[in-house]
Amino acid sequence: MPASPTIRRQRLGGELRRLRRVAAMTLEQVCDQLGWASTSKLSRLELGQSRPDLADILDLLDVYNVVPTEREKLVIIARDAAATRGRWKALGSMGQRQRGYTELEASAATIFQYQQLLVPGLLQTPEYARLRVRSGRDVYGDLDVNADTLARTARQEVLRREHPPHYEAVIDESALLRASVPPETRRGQLRHRTHSASWTRSPSRCCRSLRFCTTRSCHTPASRSTRSLIRPIPAPSCWRR
């Protein structure tokens with residue numbers, strides 16, 4: 001899958017902000033020197049909120065007097081950040097939510113998930129994923145069930161690539177035994193969970209279940225039933241000063 005332009009834009013933005021501060025220049029001073037009408041253009045670039053134009057990036061590197069070796073590396077990341085066409089083609093007809101998850105997961109070094117009520121998307125079978133998509137219509141509006149189901153299963157490729165992120169999931173047992181899930185779908189998901197347990201042999205993947213408890217204290221609602229922690233792959237040392 002092509003490199004994530006979202007993560008690349010964030011890295012590029014961080015570097016541009018660092019270079020401006022090293023040059024002891026304000027947003028206004030840089031924009032005045034380049035003849036840009038508003039500081040919002042530079043601000044959005046530094047925040048990784050806009051698709052960078054390579055000509056603009058080259059102008060900024062000139063203003064900041066970036067040395068050739070660092071300049072070359074930043075030009076490469078700027079091109080990756082701007083190359084969205086191939087990325088979206090690879091992601092197919094994913095909705096915005098699924099694209100957002102895929103962008104983060106594809107560029108992650110570590111993914112940790114805790115689920116109290118549901119099986120995490122990266123561990124769902126196609127049947128379970130379809131059930132979840134259908135139930136989400138009331139919350140997220142009219143969803144393309146087939147496209148969103150395919151998107152959820154496509155996201156799992158990140159765990160099967162040559163150099164996957166470190167992945168750890170902690171799932172409440174009740175999420176695996178929920179009565180609202182049809183029996184056949186539940187059995188398929190449990191078989192998949194059993195298969196996933198073999199990942200514990202790999203230092204990069206781990207899946208654990210919390211035992212279901214019938215005491216009253218075990219049913220105290222948590223402040224949040226779902227938590228995800230995604231740590232991005234760190235930038236090369238040559239980008240950090």
Spell out, yes or no, whether Leu60 and Leu54 are grouped together once hydrophobic residues are joined by side-chain heavy atoms under 4.5 Å, including indirect joins. yes
Is it true that Arg152 and Glu157 have a side-chain N and a carboxylate O under 4.0 angstrom from each other?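 Salt bridge between Arg152 and Glu157, a charged N being under 4.0 Å from a carboxylate O: no.
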State plainly whether the residues Arg132 and Asp148 are in salt-bridge range, i.e. N to O under 4.0 Å.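 No salt bridge links Arg132 with Asp148.
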Less than 4.0 Å between a side-chain N and a carboxylate O, is that true for Glu15 and Arg18?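 Judged by the 4.0 Å cut-off on N to carboxylate O distance, Arg18 and Glu15 do form a salt bridge.
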Would you say Leu117 and Leu122 are hydrophobically clustered, going by side-chain heavy atoms of ILVMFWY under 4.5 Å? yes
Heavy-atom donor-acceptor pair, Glu46 side chain to Ser43 backbone, under 3.5 Å: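 Here the side-chain-to-backbone pair does not exist.
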Backbone N or O of Val119 within a donor-acceptor pair of the Gln124 side chain at under 3.5 Å? yes
With distance as the sole test, does Gln156 use its side chain to make a donor-acceptor pair with the main-chain N or O of Gly121 at under 3.5 Å?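 It does hold such a pair.
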ILVMFWY cluster, Ile76 and Ile57 together (side-chain gap under 4.5 Å):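 In one cluster with Ile76: Ile57, no.
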Is the shortest heavy-atom distance from the side chain of Glu70 to the side chain of Lys73 under 4.5 Å?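 No, every pair of side-chain atoms sits at 4.5 Å or beyond.
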Sole candidate of Thr185, Thr149, Asn146, Thr153 that passes side chain to side chain donor-acceptor pair (under 3.5 Å) when paired with Arg130: Asn146
Indicate yes or no for a side-chain donor-acceptor contact from Gln189 to the backbone of Leu123 under 3.5 Å, with no hydrogens or angles considered.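 Present.
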Is Arg71 salt-bridged to Asp62, going by a charged N under 4.0 Å from an acidic O?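 Between Asp62 and Arg71 there is a salt bridge, with a charged N closer than 4.0 Å to a carboxylate O.
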